[in-house]
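Okay, so here's the structure we're looking at.
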Amino acid sequence: MKRFGLSSKERIKSKNEFELLYSSGEIAFSSSKKFKAVFFIQRNSDKNEIKAAFAVSRKSGNAVWRNRVKRLFRESFRLNKGALYESVEFKNASLLIAFSPNSVNQTNRKKIFLKEVLPEIVELINQIKAKI
RNA sequence: GAUUCUUGUUGGGCAGUUGCUAUCCAGGGAGCUUCUCCUUGAAUAGAGGAAAGUCCGAACUCCGCAGAACGAAGUGCCGGGUAAUUCCCGGGGUUCCCAAUUUACGGGGACACGGAAAGUGCCGCAGAAAAAAUACCGCCCUGAGCUAGUCGAGGGGUAAGGGUGAAAAGGCAGGGUAAGAGCCUACCGCGCCAGUGGUAACACUGUCGGUCCCGCUCUAAACGGGAUCCCGCUACGGCGGGACAUGGCAAACCCCACUUGGUGCAAGGUCAAGCAGAAGGUUUUCCGCAGGGUUUUCCCUCGGACAAAGUUGUUCGCUUUGAAUGCCUUCGGGUAGACCGCUGGAUCACAACAGUAAUGUUGUGGCGAGAUAAAUAAUUGCCGCCCGGUUUUUAACCGGGAACAAAAUUCGGCUUAUAGACAAGAAUCUUCU
RNA sequence: GCCCCCGUAGCUCAGAAGGAUAGAGCAGCAGUUUCCUAAACUGUUGGUCGGAGGUUCGAUUCCUCUCGGGGGUA
């Protein structure tokens with residue numbers, strides 16, 4: 001597996017997985033409340049896999065803005081997922097995560113850049129890593 | 001030269017690193033081994049002019065048979081273009097603006113632009129009256145009466161004037177009259193018909209336009225014929241002639257002409273996986289000196305009647321079924337994975353020819369996304385563009401900015417949103433010759 | 001993706017096959033009552049009828065475009 005890649009196997013794609021995540025998952029917020037992450041930890045699993053999703057509500061902006069936010073999330077996750085894999089393999093667990101914007105939308109932040117998104121995603125990943 | 005508007009084109013470029021999707025090639029591994037799957041690497045390609053809104057039109061799909069009548073919906077000057085259109089091009093008409101001004105000629109814009117003389121309905125307030133005109137003020141004639149006047153109850157005539165209104169029953173001039181009026185006349189206007197030009201819408205020219213009836217294959221205020229009324233002239237035999245009758249609204253109902261079956265890629269098809277059925281309703285037909293079997297109060301086929309279901313607005317008509325693992329309605333259960341459809345086409349670029357143009361024909365060359373919780377990205381450097389600041393004001397450095405917006409079966413239009421750049425045209429202003 | 005609906009006062013809704021002062025309830029404000037409050041009663045404020053064009057003498061109503069919200073569909 002590539003160290004900094006993100007293949008389609010590492011993405012949540014089925015409706016069942018989304019229902020499991022949103023019905024019984026926990027929520028973590030970044031310190032500025034700009035972003036949030038919903039995550040579900042399955043303990044004593046033999047798969048040791050991590051699956052991520054990037055969800056942006058339709059009300060927060062138009063298609064161009066939503067696509068950009070999702071791509072920035074994906075880029076941030078792709079570069080920083082290594083620490084999570086170490087914990088998952090050590091604890092023998094599986095993990096599902098969905099990242100979403102919380103207070104940020106197109107009207108209050110028309111242009112958004114990676115240097116704003118990346119530190120807060122890293123913070124969220126560290127919060128989740130502490131709970132495994 | 002500046003500003004504004006319209007139309008068209010364009011919608012930053014190059015390189016590096018790390019990723020994603022598709023196609024293809026190579027290596028490794030697994031299996032049910034001419035095939036499929038997993039994994040690693042290389043190459044190539046990877047959002048728009050509107051991809052948007054979903055307002056029109058098609059291709060394609062299945063249902064179904066589309067046959068008729070009625071209904072419903074849509075379209076509406078004429079011609080052309082197109083696969084087709086509520087689109088585009090050209091022309092006509094109406095209307096507005098500019099310039100000029102008496103018009104005309106000229107330039108530009110807008111227009112859902114069939115029918116109001118088939119019928120129905122509506123036209124608030126104001127006004128006398130709003131569509132068969134019951135005359136408010138006024139004008140004119142007449143005049144009971146008495147207080148004898150610049151009086152005037154009542155009766156009649158009058159749509160020229162006033163006032164109201166979005167709109168007042170063709171306009172204007174002359175004649176005429178008691179006062180007036182298409183009451184009469186000229187010109188303009190309205191409409192029918194004919195001729196000329198035009199494919200046509202329409203334009204120009206000319207004739208005609210009382211009332212009733214008949215005719216012309218339909219229609220007729222006006223084309224033909226007859227009757228009748230009125231007016232004028234008359235040599236009394238006739239001859240000549242006739243103001244024009246109905247405001248607006250059809251994006252009110254409606255009439256006329258034309259068009260339209262529904263459904264929309266979550267259409268539709270194949271494979272895999274998976275589950276659980278239940279309740280209710282409906283129909284145990286009839287006839288036939290038709291044919292066959294033959295066990296002859298039986299069964300099958302055929303024809304007819306009847307019933308049920310379907311035919312996605314209704315009726316007729318049509319199709320299927322009539323006892324079976326049926327049909328209909330309601331409730332409930334399971335799955336939401338893969339593949340096809342899925343991108344080469346009314347295709348794109350260039351050139352020539354035809355055409356006023358939209359567009360078409362021919363030739364040459366090209367292949368340019370195919371995702372599905374949904375790829376097409378992130379970041380760094382340099383160049384180019386714009387803004388601000390500093391300094392040695394030609395330049396350099398520093399900081400900031402660059403619109404609207406992302407395919408989802410595919411095309412053709414329309415509409416709406418758009419920073420900047422380029423080209424062409426028009427209008428206005430200024431400067432020079 | 002496709003197909004449909006709805007926008008009227010601060011809130012929930014009426015209204016019409018075009019006529020102008022657009023209604024009702026709740027809420028708000030003022031008053032009566034009460035020692036004070038609530039309740040009750042009386043009066044009153046508040047609307048460019050989502051936005052822009054068009055038809056018409058006249059549009060909340062009819063037509064077109066547009067903005068926002070909601071629903072259905074394997």
- Rounded to the Å, how far apart are Glu17(A) CD and rA336(B) P? 12 Å
- Would you call rU39(B) syn or anti, using the 90° rule around 0? anti
- Heavy atoms of Ser30(A) and Glu120(A) approach each other most closely as OG-OE1, 2.8 Å
- Just compare rA406(B), rA374(B), rU379(B) and give me whichever is closest to any side-chain atom of Phe113(A). rU379(B)
- Steps toward side chain to side chain contact (heavy atoms under 4.5 Å, CB included) verdict (Phe39(A), Leu124(A)): CA-CA 10 Å; Phe39(A) 61 96; Leu124(A) 283 171; over 6 Å; no
- Please determine, for rC35(B), whether a Watson-Crick or G-U wobble partner exists with both distances under 3.5 Å, and give it or none. rG31(B)
- Message: On RNA chain B, compare the nucleotides closest to Ala63(A) and Ile12(A); which residue's is nearer the 5' end?
- Response: Ile12(A)
- Task: Could you measure between the two C1' atoms, the one in rU199(B) and the one in rG80(B), and give it in whole Å?
- Result: 11 Å
- Message: Work out how far the C1' atom of rC244(B) is from that of rG171(B), and round it to whole angstrom.
- Response: 14 Å
- Message: When both hydrogen-bonding distances must be under 3.5 Å and the geometry is Watson-Crick or G-U wobble, what is rG174(B) paired with, if anything?
- Response: rC184(B)
- Note on the structure: For rU433(B), the nucleotide meeting Watson-Crick or G-U wobble distances (both under 3.5 Å) is none
- Item | rC192(B) pairs with, by Watson-Crick or G-U criteria that keep both distances under 3.5 Å | none
- Query: Where does rG237(B) land, syn or anti, once you apply the within-90°-of-0 test for syn?
  - Reply: syn
- Message: Return the pairing partner of rG360(B) with a 3.5 Å limit on both distances, Watson-Crick or G-U wobble; otherwise return none.
- Response: rC353(B)
- Message: Give me syn or anti for rG368(B), where syn covers glycosidic angles within 90 degrees of 0.
- Response: syn
- Message: Less than 4.0 angstrom between a side-chain N/O of Arg11(A) and OP1 or OP2 of rA374(B), yes or no?
- Response: yes
- With syn defined as a glycosidic torsion within 90 degrees of 0 and anti otherwise, which applies to rA424(B)? anti
- Task: Please figure out whether Trp65(A) or Ile112(A) has its closest RNA chain B nucleotide nearer the 5' end.
- Result: Ile112(A)
- On the 0 to 90° scale, with breaks at 30° and 60°, tag the Phe35(A)-Phe73(A) ring pair as parallel, tilted or perpendicular. perpendicular
- Atom-to-atom span, CD of Glu75(A) to P of rG19(B) - whole angstrom: 10 Å
- Whole-Å C1' distance, rG163(B) and rG176(B): 29 Å
- Task: Specify the separation, in whole Å, of atom CZ of Arg68(A) and atom P of rA374(B).
- Result: 18 Å
- Query: Please give, in whole Å, the distance from rU18(B) P to Leu118(A) CG?
  - Reply: 18 Å
- Say you pick atom C1' in rA26(B) and the same atom in rU343(B); how far apart are they, in whole Å? 29 Å
- Item | Separation of the C1' atoms in rA153(B) and rU142(B), to the nearest angstrom | 13 Å
- Paired with rG344(B): which nucleotide, if any, by Watson-Crick or G-U wobble criteria at under 3.5 Å for both distances? none
- Full working for side chain to side chain contact (heavy atoms under 4.5 Å, CB included) between Lys131(A) and Gln127(A): CA-CA 7 Å; Lys131(A) 292 199 178 183; Gln127(A) 286 183 28; 5.9 Å; no
- Message: Taking 4.0 Å as the cut-off, does a side-chain nitrogen or oxygen of Arg78(A) come that near to OP1 or OP2 on rC20(B)?
- Response: no
- Message: Checking the side chain of Ser103(A) only, and the main-chain atoms of Lys33(A) only, is there a donor and an acceptor separated by less than 3.5 Å?
- Response: yes
- Query: When you compare rU86(B) with rA251(B), how far apart are their C1' atoms, in angstrom units rounded to a whole number?
  - Reply: 14 Å
- Item | Whole-Å gap separating C1' (rA378(B)) and NZ (Lys70(A)) | 16 Å
- Message: Run Ile125(A) and Phe77(A) through side chain to side chain contact (heavy atoms under 4.5 Å, CB included) and show every step you take.
- Response: CA-CA 8 Å; Ile125(A) 289 173; Phe77(A) 179 76; 4.2 Å; yes
- Message: Please pick, from rA406(B), rU379(B), rG19(B), the nucleotide with the shortest atom-to-atom distance to any side-chain atom of Val64(A).
- Response: rA406(B)
- Item | Pairing nucleotide - rG127(B), Watson-Crick or G-U, each distance under 3.5 Å | none
- With distance as the sole test, does Arg68(A) use its side chain to make a donor-acceptor pair with the main-chain N or O of Ile112(A) at under 3.5 Å? yes
- Item | C1' spacing across the pair rA417(B) / rG384(B), given as an integer number of angstrom | 28 Å
- Does rA43(B) have a Watson-Crick or wobble partner in any strand here, with both distances under 3.5 angstrom, and which is it? rU23(B)
- Can you check the Leu114(A) CG to rG19(B) C1' distance for me, whole Å? 13 Å
- Below 4.0 angstrom from OP1 or OP2 of rU376(B), is there any side-chain N or O of Arg74(A)? yes
- Query: Of the nucleotides rA47(B), rU379(B), rA407(B), which has the atom closest to the Arg71(A) side chain?
  - Reply: rA47(B)
- Classify the nucleic acid contact of Phe54(A) as base, sugar-phosphate or nothing, counting any heavy atom under 4.0 Å across all strands shown. nothing
- Note on the structure: Ranking rA378(B), rA47(B), rA405(B) by distance to the side chain of Asn62(A), first place goes to rA405(B)
- Query: For Asn80(A) and rG19(B), what is the distance between atoms CG and C1' respectively, to the nearest whole Å?
  - Reply: 14 Å
- Message: Given the structure, check if the side chain of Asn67(A) and the base of rA406(B) hold any donor-acceptor pair shorter than 3.5 Å.
- Response: yes
- To the nearest Å, give me how far apart CD (Glu10(A)) and C1' (rU21(B)) are. 16 Å
- Query: Is there a donor-acceptor pair closer than 3.5 Å between any side-chain N or O of Ser100(A) and the backbone N or O of Lys36(A)?
  - Reply: no
- Quantified in whole Å, what is the C1' atom distance between nucleotide rG198(B) and nucleotide rG90(B)? 15 Å
- Message: Does rG43(C) count as syn, meaning its glycosidic angle lies within 90° of 0, or as anti?
- Response: anti
